[in-house]
Amino acid sequence: MKKNNIIKLILIIVVVALLVVLPLVIKNDSTINLVILVLLYILLASSWNILGGYTGQTNLGHAAFFGVGSLTTRLLWVNGVPFLLSFLAGGVVAVILALIIGAPAFKLRGVYFAIGTLALAQMLNLTVGNILPEMSYNPDLANYQLLPRYYLFLGLTLITILTAAILVKSRIGLGMMAVREGEDAAESLGISALKHKLIALSISAFFAGMAGAAFAYYHVSFYYYMPFGSEWTFDPMMMAYIGGTGTIIGPIIGAVFFVLLKQLLVWNVGEYHLIIFGTLFILIVLFLPGGLVEIWQKFRTFLTKKTKRRKKVLLKATIQNEDGIQRE
Amino acid sequence: TPAPTPTPVATQAPLETQAPTATEVQYPPAPEYIEIGASIPLTGKFGSLGSQVKVGYDYAIADINADGGVYVAEYGTKIPLRLTAYDDESDPTKAVSNLEKVFTENNVVAYLGGAASGMHAATTAIAEKNKVPYLGVSFAWWNIHQRGYKYLFSPFPKSPDQARDVFKALNELVPTKEERPTNIAIFQEKTDWGNELGGLFKADAGPAGYTVAYYAEYAPGTTDFSTLIMEAQAANADMLLGMPNTPDGIAIVKQAAELGWEPKFIMLVRAPDAATWGEATGTAGDSVTMFAGWHSGENFDGIAEINAKHQTDFSRPADILVGPAYACVQILAAGIEKAGTLDRDAIRDAIAATEMMTVMGNVSFNADGTGNVLNPLVQWQDGKMELVWPADQKTADFVYPIP
Amino acid sequence: MLQSLGQNLVFGLLVGALYGLVALGLSLIFGVTKFLNVAHGELVMFGGYASFYAFSMLGLDPFLSIPLTIIILFVLGAILYRLVFSRTIKLPEESKIKNTLLVAFGLSVIFQNLALRFFTADERGITTSYFSQAFTLGGVRFPLPKVAILVVTVIFLIILQLILKKTYTGKAIRATTQNWEAASLMGIDIHKVYLLSFAMGAALAGVAGTLVAVNYSIQPSMGLGWTMKALIVMVLGGLGNIPGTIIGGLILGLTESTTSFFISSNYREVAGLVLFLLVLIFRPQGLFGSKEA
Amino acid sequence: MQLLTVEKLCKSFGGLKAINNLDFHVNEGEIVGIIGPNGSGKTTSLNLLTGFLKPNSGRINFRGEEIGGLPRHIVCQKGIARTFQLCKPFMDFTAMQNVMVARAYGRKPSANLHIAEKESIDILEQVGLGSKAGILVKDLRVMERKRLELARALATKPYLLLLDELMAGLNLTEADEACKLINQIRESNITIIMVEHIVKAVTCVSDRIIVFNMGEKIAEGQPEEIVHNPKVIEVYLGKSHA
Amino acid sequence: MLNLENVNIFYKELQAIWSVSLNVQKGEIVALIGPNGAGKTTLLRVISGLHRCASGKIDFLGRQIEKEAPEKIVEYGLSQVPEGGKIFTGMSVLENLELGAFVKRARKEKNQNLEWVYEIFPRLAERKSQQAGTLSGGERQMLAIGRALMSKPQLLMLDEPSFGLAPILVERMFETIEKINHEGLTIFLVEQNVQSSLELAHRAYLLENGRIVGEGKGKDLLTFESVRSSYLG
Ligand SMILES: Nc1ncnc2c1ncn2[C@@H]1O[C@H](COP(=O)(O)OP(=O)(O)OP(=O)(O)O)[C@@H](O)[C@H]1O
Ligand SMILES: Nc1ncnc2c1ncn2[C@@H]1O[C@H](COP(=O)(O)OP(=O)(O)OP(=O)(O)O)[C@@H](O)[C@H]1O
Ligand SMILES: [Mg+2]
Ligand SMILES: [Mg+2]
């Protein structure tokens, strides 16, 4: 077990180190852009996963938080507020929105919650489009540099993943998962479901908002309503499911897989890329319901079973089976 | 008026004939291709526009390459053009990513644009950041050109041209003042281009002798326009100006007919650009006019060939964005040739100094990158798109008032 | 003023009927099978294209081509069920909803792009010779194509209700909705019931598609917008509640039209969503849903 | 000393009066059995006690405090734990995690998860699931799940434990075992209310039995008295128990 | 009438039933008893076709049914009252009963059967238009049995019909089962209530950990020490 953890730690450090030096080695904007895109989606998928995967509330309105974060940051920044301040404001405003809508939204359960949040995001999308139909431009296009943007995304992504990892190992995390497994039972054991859902929503919204803020900093020009589009909910959600919800690594794998596969298809297959992508996607959902993580888990249990069986055989040879209970 | 061009070189100067005479010059090895990059919405909501644009690019490049390519003085030879175009699914983020990819991997010397204002707005900024000349059509939004961008060029009529010309054309086509419509209803789509054009329509109406009787905004994607139509009717409007997208435009004309509103003149700047407009709207869409930017019936050199090709490929004459897209490549090729190098800034300067005939007529650029181009008025007649103004280009007579 | 308000309300109701019809198939499918088929809008699109081509190539009047559309979409629905959705029926309800949602997403991507290849990205629409004919009642115009929406919707609502309430097959469908295991112990072939409901839902989407093509326009990427409307109407009317769905549609239509009348066309859509959220918060089971279901 | 006092409790669903003017009390250290026909309001009364339903009127006093209508997690933290008529374990958790949740959130929650984990294992041993700590609930048998449900309730360190048909579906031998377990729990100073249809089990462990019918209390007393009460025989026990 | 031979059943990799053989003869009441989780429900589900067995043969009235779909098995005359009744809560009592007669064979005799069921359970006749979800626990069980009877089965399988019922209702339930059997229906009964079911049954099987560990006349089994100690406390 311990050895396993050390290997894991080393692996993580290597990957992070690689990501840190990547832009210094590969001075290639297109690659950096692609990695930024992957990081952005890891951020979104991981933050979605905190509420959707760990707390069991299928949120179809994640775009609302991404959008609000992005809108706030961009508006403030374009209007001359120092960037760092505008940047943090993005996350804060997303949390405020989460707290405002949280209490009524969590009155809804199951499909109602899902479609309710979808409607909410759609509403914001339309309203922002109505109030702010203008295109906005990056205030300092002249000095546009990709590198700081890259590190911003990288840092933010690492913080999100770390937060999620710490969270799910904590008492609150345990409570969140208990709420997912069964709200009635969780409450009867002293857990306030509403409180835990709100905490999960706030954290989820915060990182989605920060992702939006970083997006506002990154994107040279966009319409204010653009980050509210439903694809900002559905893509990350699909990534989380493809990778495996309720795990830390799932959304990461999902995002990498999703973005790279899609880009590869765009670049190589041409006009049929979306048809092929859709088909692959359906096959994954149907035949790997636990996500890509499941492949790994199956592989691992297969391995451990094999070693266990070998050990068992050895044991049998020496001592008689101590308990008669058969359990295969 | 076009900005005075500082370059002394005559536009039509036969560079090809001059270069070979300098025989002894040692040329560096020429690249295999002149790389051009584009991100085009082939799928998603702008898919129909993007596909027309792509056809135009492909035709032009094929034509130029059939001739060996573009002569580049620096290398002393003709080099063929190669376009790397990726689909962006009508998503600006993906478009940006595509442009960065072709920039770094293909080291493109120029970008060609996709389609629709919102997409251009995102991609032109990338061109500016990467300092790559960018030629784009299929957007009339003027404001985008007012951001001081140096690398953006658009040989396409812009909102101010459209607002000015609608009244100019109407006044020319309907000479007797009494017959002209007087009360305008403007349905303004709530987008920044809609805002811009709507405002210009309103501002230009008075001086041209018209009154705006009704002005309303609506959100794009609205399926029901009955409120707007009834209010316009109540305001006695006899002319409709708008800039809806195609589905909204179809809904507007159908619902106007259903509600019995019969304005004398309808101009929907964008909606009827779909080749299927006539079929989709039937009699409701007949006699609706628009500014197409180009029409296959224009009588400039090269159009006949394009139409013939399009006829074989799609069994109809070229769609309206095919010509402007074709012209973009013509302008770019001329710019490269004039620059005599593949240096992007040199090409940019050469394009800025453009003064040439293309399949969309004579093109020159203003300092803001907007083009001085022909702005033809087209009208749907019996399910066909006819060119009705200016008179020297027309393919059919203007039908007025709407029967 | 009063007359134009009346006109407005009438249009709202007629459009609302279309919303209801679009949601009807979705609601039927969801109610019986618990498949959240977010590719419903694409089925509407296919229905639209079916009647469009019947009209432009065969010269068939769109209302006469409805049976044809129904057959095509029914078969398509059956194929989809067999190929894709049937693989999720054994899952517990929550994961069934989730998985079908994802699968349907994949399908909608595929459908959109297939449509793009085969039908091109151009907008299409059906304009019949009688499209602008209308009758007037108290100064309010009732255009025939819009009135047809209401008529068609009511007809299909009645047909569906009759099937569900009066026939054995309908009872089997309702029984399967409530408990598929018990239903199969009654001798009901639940695969058949699922297939039938899915195909019927698809066929209803097809009918709605015809009406969309007649009254608005169709295009490969039109699906998502209609799916959203249908989802909202479905929840508004109470999940799986058939008459409730239609009434939900009417209410949405009315809300939108009155908003654009009294406030601004800018806020039509937003108003519908606000109404929806308010309903959800104060009556989470939808306007006509029962708590138990 | 009275641990729980219920006075004039009423609850109706629509027109149906599920609980009607109910009065009863439970003393500290007692085991009280509740029996009554199907639909007589037993589960409903437990739901009212634990905050799963809000009473229409009446009072519920627990350790000198009014708890009627409090949110359910607060009720738990005040020291009332329950099991469900239909088991509701956390299916994707291991047995140990199930108990750990209760230990981390119930009354007097553990300071940190490590301590919670240790304590959880002790509790699992107490109900005889010590060897199953690491097994996922979905792989547990029905009986084991019921024990786990009990362990989870115990882990919230309740003063009062409410058991809703814990023994349904058990045969008499299994029920006997369960009774032993309940007696064992009583030793650790936990007061118990149990709702059961297995009369033999209820009479065997209860100090006192309350009989419900149509939302009202129709009898109360020692198990001996109750099984011979003609009214109870008529509405609930039937002739064979007479 | 019903004959199982060496049936093995798995849930994924987990084996729940180990080579079970048993039979039910016409006119009998046969009880299957065993502790919790022994696999009784599993066995009934497989017989009804809701779950597949990995190996073994199931023969009903001379037909091999182990690979048949559930609806076919009902058609052949084998009905089950599932654990917990599983009535259609959103429909009326009458509609529930009508659905019981869904199979073609039974549709023709629907009205006759309805009379018959109402005769056995007069309570259901009183409540025929009431929504089934509002019935009390005992009434639900009656409805579940009545519904199964509507298909006019030859063999009726009952899975714990006394589960969660008040003693007085349990008593009535067993009386009813006996009555139905007297009318000529063969019954295969799964029960936890060992005392009552063994008193009622002609024969019984003991299932433990997925294996048949005993078999005999119902009343004989009651006197076995092993049965007494492991089931009757
Ligand atoms: N949420 C609810 N809505 C409507 N009616 C309800 C609700 N909960 C319970 N009831 C009704 O209240 C009555 C009492 O139900 P309760 O569950 O308390 O019975 P019970 O005594 O526990 O019965 P059993 O022994 O069968 O479990 C029943 O008639 C039941 O149908
Ligand atoms: N869907 C399932 N997936 C995996 N295992 C299952 C499933 N259903 C039952 N089991 C397991 O199979 C075994 C037999 O269960 P079954 O329900 O048949 O027992 P039973 O004798 O009917 O018990 P009870 O008296 O509790 O009804 C048990 O160990 C149970 O945990
Ligand atoms: Mg109960
Ligand atoms: Mg069982």
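Below, read A as the first sequence line, B as the second, and so on, with proteins coming before strands; counting in each chain starts at 1.
- Rounding to the nearest 0.5 angstrom, the gap separating the CZ atom in D:F93 from the CG atom in A:L174 is 5.5 Å.
- Put simply, the side chain of A:E181 never gets that close to the backbone of D:P89: no donor and acceptor are under 3.5 Å apart.
- A distance of 7.5 Å separates OG in A:S188 from CD in D:E149, rounded to the nearest 0.5 Å.
- Heavy-atom neighbours of chain A within the stretch residues 177-189 of chain D, taken at a separation under 4.5 angstrom, are nonexistent.
- The closest donor-acceptor contact from the side chain of A:R171 to the backbone of D:A104 lies under 3.5 Å.
- Under a cut-off of 6.0 angstrom, the local environment of NZ in D:K78 is sparse, with at most 12 non-hydrogen atoms contributed by other residues, nucleotides or ligands.
- Considering every non-hydrogen atom in both D:F84 and A:A185, the closest pair reads CE1-CA, 3.8 Å.
- Chain D forms more heavy-atom pairs under 4.5 Å with one residue of A:A178, A:A186, A:G182, A:G246 than with any other, namely A:A178.
- Taking the ring-ring contact (aromatic ring centres under 6.0 Å, His included) definition, one finds that A:F257 meets it with nothing, sequence neighbours left out.
- Closest approach of A:G190 to D:C76, counting heavy atoms only: N-SG, 3.2 Å.
- Once rounded to the nearest 0.5 Å, the distance linking CG of A:L189 with CZ of D:R107 reads 14.5 Å.
- Across A:K169, A:R180, A:M177, A:E187, the residue that shares the most heavy-atom pairs under 4.5 angstrom with chain D is A:E187.
- In A:F299, the CZ atom is not crowded: 12 or fewer heavy atoms of neighbouring residues, nucleotides or ligands sit closer than 6.0 Å.
- The shortest side-chain heavy-atom distance between A:I191 and D:Y105 falls under the 4.5 Å cut-off.
- Heavy-atom distances place no part of D:T50 under 4.5 Å from chain A, backbone and side chain included.
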